[in-house]
Amino acid sequence: MLRALSGLTTRGRCLLAAGVAAAVCSFVLNERDLLRVAVFVVALPLLVAFFISATRLRLGAARALRPERVSVGSPGEVQLELWRDGRLPAGEVLLEDGVPYALGSRPRFVVERLPHDRRVALRYPLQPVLRGIQQVGPLRATITDPFGLCEFERELIGHSRLVVVPKVVGLWGLPSGAGIGAGDDGSIRLHAGQGEADVIVRQYRQGDDLRKVHWRSTARRDEIMVRVEERPWRGGTTVLLDHRAAAHHGTGPAASLEWAVSFAASVGLHLRRSGHRVRLITEHGQTLADTPGEGGEHYDNVVLDVLAALQPAHQRDITLGHDPAEGQELIAVLGTVSNESVHELSRYRPRGIRSLAVLLDTPGWSSGVNRPETRAAATEESVALLRAAGWGVVVAGPGSPMQQVWAELCQTATRRGTLIGGGL
């Protein structure tokens, strides 16, 4: 009873108080007609409260997301169904579904008459502007009576999971020359000598088997080198994504990190669909996804789902301790990098294996300026250091089209592949 009375609105409580006061006055004044009015005034909000309380328990709802995975900027839709059990009529129902700000405005529906023999279908659009694992819900229903005397709120549905993946831009072309676009015939390897064409050598790391030390290369380089007998992937590429919070500028959808994530997703899917094995890693060498060159849409979803859930890292500098690409071609999508980070990236990379970088001019995401003459001095210094280490570098600003950046990267890779193949 107390639970039913808790749903009385201010109007209902005032009417109930007025009825009680009229009843007291009827006894004091000995007015039976006033008592009849008092009984009616007291009974009205009580009966409405019990009726609405019973109606609330007979409501049901279902929610469906169409689709359950949507990319940033693409429209989605939520479909709702509302019904009631039994033949007890329902009052006015106000529905409100919880929607994060990154998915659009919060929808509200008013259902005046809810039939008992069929379901009421409702729908509203979603327009995601920021990637992530979003939660839609809960769906709450507020049941009221026509007089506004009583209302009850009830949670009909909990949360539904919506995966908002980064926007993927269609890219064309592949770098040619010494690496990605040429397959095995264009790859430059560090051979261990005649008769060992499939053997790669690299610097010794703590824990390596000393039986794999390649003495000829060790004597030539004056440092311990070990054999890596596994044959490199055909067309295998490692995409490194720098997701340090300190390396990026801007907030929300316009942040440089979101541009970097979208570009890394576009490159990874483009290479994989072109038949290349793609390994996606962080700036610390952590593997996010490793997909083969063959396979269907499942592997694309693996990459996109990982990037959708990726959060900014709190480390300030890049720390690797080894070649992040494990001897394969590398495409690095970098934010602001210090001289120490550039050294950490390049010190373990063999000069004969192609290394490419898209360096974001992150201060431009704060100022909104995207002109070469206004680039930060730190960006120009990082470009010079990476190129001196044998990397091909393209600088991207907040207004740089991803197709153009990729085309410039392919041209840079082709030029550097020609130089490397020529022995320079």
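Start at 1 with the first residue, then count along the sequence.
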So, applying side chain to side chain contact (heavy atoms under 4.5 Å, CB included) with V278, which one of T238, L269, V303, T291 is it? T291
Has W406 got a side-chain atom pairing as donor or acceptor with G173's backbone, closer than 3.5 angstrom? yes
Please check if the side chain of S262 supplies one atom and the backbone of E258 the other of a donor-acceptor pair under 3.5 Å. no
According to the interplanar angle, ranging from 0 to 90°, do the rings of Y124 and F109 count as parallel (below 30°), tilted (30 to 60°) or perpendicular (above 60°)? tilted
Would you name the heavy atoms of L94 and R108 that are closest together and state the gap between them? CD1-CB, 4.5 Å
Ignoring hydrogens and geometry, is there a side-chain-to-backbone donor-acceptor pair from Q328 to T237 under 3.5 Å? no
R63 side chain to G158 backbone, donor-acceptor under 3.5 Å: yes
Salt-bridge test for E81 and R119: reply yes if a basic N is under 4.0 Å from a carboxylate O, no otherwise. yes
Apply the test salt bridge (Lys or Arg N to Asp or Glu O under 4.0 Å) to residues D300 and R272: give CA-CA distance (whole Å), side-chain angles for both, the deciding distance (0.1 Å), then the verdict. CA-CA 8 Å; D300 291 350; R272 200 202 68 78; 2.7 Å; yes
Working to the nearest 0.5 Å, report the span between CG of L8 and CZ of F152. 7.0 Å
Return yes if some donor-acceptor pair links the side-chain N/O of H270 with the main-chain N/O of L171 below 3.5 Å, else return no. yes
Closest contact, heavy atoms only, G364 versus P398: O-CG, 3.4 Å
Give the intermediate values and the outcome of salt bridge (Lys or Arg N to Asp or Glu O under 4.0 Å) for residues E329 and R354. CA-CA 5 Å; E329 289 85 1; R354 184 162 61 194; 5.7 Å; no
Just one of L310, T282, V267, I331 clears the side chain to side chain contact (heavy atoms under 4.5 Å, CB included) bar with L241, so which one? L310
On a heavy-atom basis, which atom in A357 and which in L409 lie closest, and how many Å separate them? O-CD1, 3.9 Å
To the nearest 0.5 Å, what is the distance between CD1 (I281) and CG (L288)? 8.5 Å
Nearest heavy-atom pair of A260 and V333: which atoms, and what distance? CB-CG1, 3.8 Å
